[in-house]
Amino acid sequence: MMAFRAALGALRNCSFANRVSPYSRSLSTLVLAEHEGGAVKASSLSAVEAAKFLGEDNSISLLLAGSGPSLQEAAAYAASCHPSISRVLLADSDKFTYPLAEPWAKLVHVVQQKGSYSHIISGSGSFGKNILPRAAALLDVSPITDVTEICGSNLFVRPIYAGNALSTVRYTGSDPCMLTIRSTSFPLGQVSAPSSAALIDQVDLSTFSEDDAIGKSKYVSLSSQDSERPDLGNARIVVTGGRALKSAENFKMIERLAEKLGAAVGATRAAVDAGFVPNELQVGQTGKIVAPDLYMAFGVSGAIQHLSGMRDSKVIVAVNKDADAPIFQVADYGLVGDLFEVIPEFLEKLPDKK
């Protein structure tokens, strides 16, 4: 009987080894990079940081697409901004002037057919959420989204139930393993300059064919607000307001406080739905995920969907007149009080930002 059990155990181990054997070969990762103004965005560089956790001897390539001088500037920046980037792939065409999902997904499919990468990674922002699922469908694989921890080349941790639980996922599908990662979970930190610039290669687009799907969407316009305040996704301090502010006019108190602190402005979904601020400022499960050094929440009740977008903040300060508000369960410092009295006092005592 013991011999039979030993044989059965060996058989199981052999079968398991066969299932994960594709990951024993050398690793190669393609990072889908977003760029703006001649520079690669921080979320894409966080994806490079995440790729380092997949395993040793991982060759990391960065894919940039677009057209014009800004793309060339972004390529030069990418080649010398991170020591882990070994190659920059450049797709220069008017088809990629705007980051639409259809042409980008087709591009990823073409690049994967030539490069045979073991992993494809993107940040979990609107850019990655827009492109990677469609590219995964073209490659006939199941993507793993919103990864917060990488435990190996095929083992990942991601939040579920609005961040109230963590799920460990083992990928057993075929190559490539496609991931979106939470940028806040893989901060860039201090990165030393590479000893030599990475190679920049042009992507051969001769086999790139426009199918019917590519023609079914087109770029219409982009609306954004110009502001001297830091970007919400990367700010060290975030000041957020909720529905309790009651109007867009009252929400300007949050903006004035943010200006004094040199902070970014955030908002709850309720405040966005009420029209106080545009949805680009929404923090939460269906908005932006932030993890600043200081997060200040005024009139924020603390719904699960909102907490999932800011619970990783280093220090959380909450002001709410409801002593039983859920936000106080995650706050490091809480003040039960009327925000219409607290914020003016803050504004009076804080010096103007120089």
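Remember, predicted model here, so these are calculated numbers, not experimental data.
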Heavy-atom closest contact (Val330 atom, Ile316 atom, distance): O-CD1, 3.7 Å

Charged N-O contact under 4.0 Å between Glu345 and Lys349: yes

Side chain Asn250, main chain Leu245, donor-acceptor under 3.5 Å: yes

For Glu341, salt bridge (Lys or Arg N to Asp or Glu O under 4.0 Å) partners two or more places apart: none

Minimum side-chain heavy-atom gap Leu205-Leu107 below 4.5 Å: yes

Minimal non-hydrogen separation, Ser67 against Ser93, with atom names: CB-O, 3.5 Å

Residue among Leu32, Asp92, Val88 satisfying side-chain contact (heavy atoms from CB on, under 4.5 Å) with Leu64: Val88

Donor-acceptor pair between Thr184 and Asp312 side chains, under 3.5 angstrom: no

Check: Asn320 side chain, Ala325 main-chain N or O, donor-acceptor pair, under 3.5 Å: no

Arg158: partners by salt bridge (Lys or Arg N to Asp or Glu O under 4.0 Å), with sequence neighbours left out: none

Under 3.5 Å side-chain donor-acceptor pair for Ser308 and Gln285: no

Shortest non-hydrogen separation from Ser28 to Ser116 and the atoms involved: OG-O, 3.8 Å

Audit row: Leu166, Glu149, side-chain contact (heavy atoms from CB on, under 4.5 Å) steps and yes/no: CA-CA 10 Å; Leu166 296 175; Glu149 185 179 352; over 6 Å; no

Heavy atoms from other residues, nucleotides or ligands near CZ of Phe53 exceed 12 (cutoff 6.0 Å): no

Test side-chain contact (heavy atoms from CB on, under 4.5 Å) applied to Ser84 - qualifying residues, sequence neighbours left out: Val48, Lys52, Ile60, His82

Side chains of Met310 and Leu307 in contact at under 4.5 Å (non-hydrogen atoms): yes

Student check: side-chain heavy atoms of Asp293 and Ile237 closer than 4.5 Å: no

Side-chain heavy atoms of Leu281 within contact of Glu255, under 4.5 Å: no

Check: Ala137 main-chain N/O paired with His109 side-chain donor or acceptor under 3.5 Å: no

Pro143 side chain reached by Leu179 side chain, heavy atoms, under 4.5 Å: no

Distance-minimising heavy-atom pair for Ser185 and Thr148: CB-O, 3.3 Å

Non-hydrogen side-chain atoms of Leu139 and Pro176 separated by less than 4.5 Å: yes

Contact summary for Gly241 and Ala271, nearest pair of heavy atoms: O-CB, 4.0 Å

Side-chain (Thr97) to main-chain (Gly66) donor-acceptor, under 3.5 angstrom: no

Derivation of the side-chain contact (heavy atoms from CB on, under 4.5 Å) call for Thr268 and Val283: CA-CA 6 Å; Thr268 63; Val283 175; over 6 Å; no

Main-chain N/O of Tyr161 paired to Asn164 side chain as donor or acceptor, under 3.5 Å: yes

Val157 vs Val169 side-chain heavy atoms within contact, under 4.5 Å: no

More than 12 heavy atoms from other groups under 6.0 Å of CZ on Phe208: yes

Any Val315 side-chain heavy atom under 4.5 Å of Tyr295 side chain: no

Trace of the side-chain contact (heavy atoms from CB on, under 4.5 Å) decision for Ser167 with Phe156: CA-CA 8 Å; Ser167 173; Phe156 313 99; over 6 Å; no

Donor-acceptor pair, side chain of Lys260 and main chain of Leu347, under 3.5 angstrom: yes

Electrostatic pair Asp338-Lys321, nearest N-O below 4.0 angstrom: no

Side-chain donor/acceptor of His119 to backbone N/O of Ser153, under 3.5 Å: yes

Thr240/Val265 under side-chain contact (heavy atoms from CB on, under 4.5 Å): CA gap, chis, key distance, verdict: CA-CA 6 Å; Thr240 291; Val265 172; over 6 Å; no

Closest contact, heavy atoms only, Val239 versus Phe298: CG1-CE1, 3.8 Å

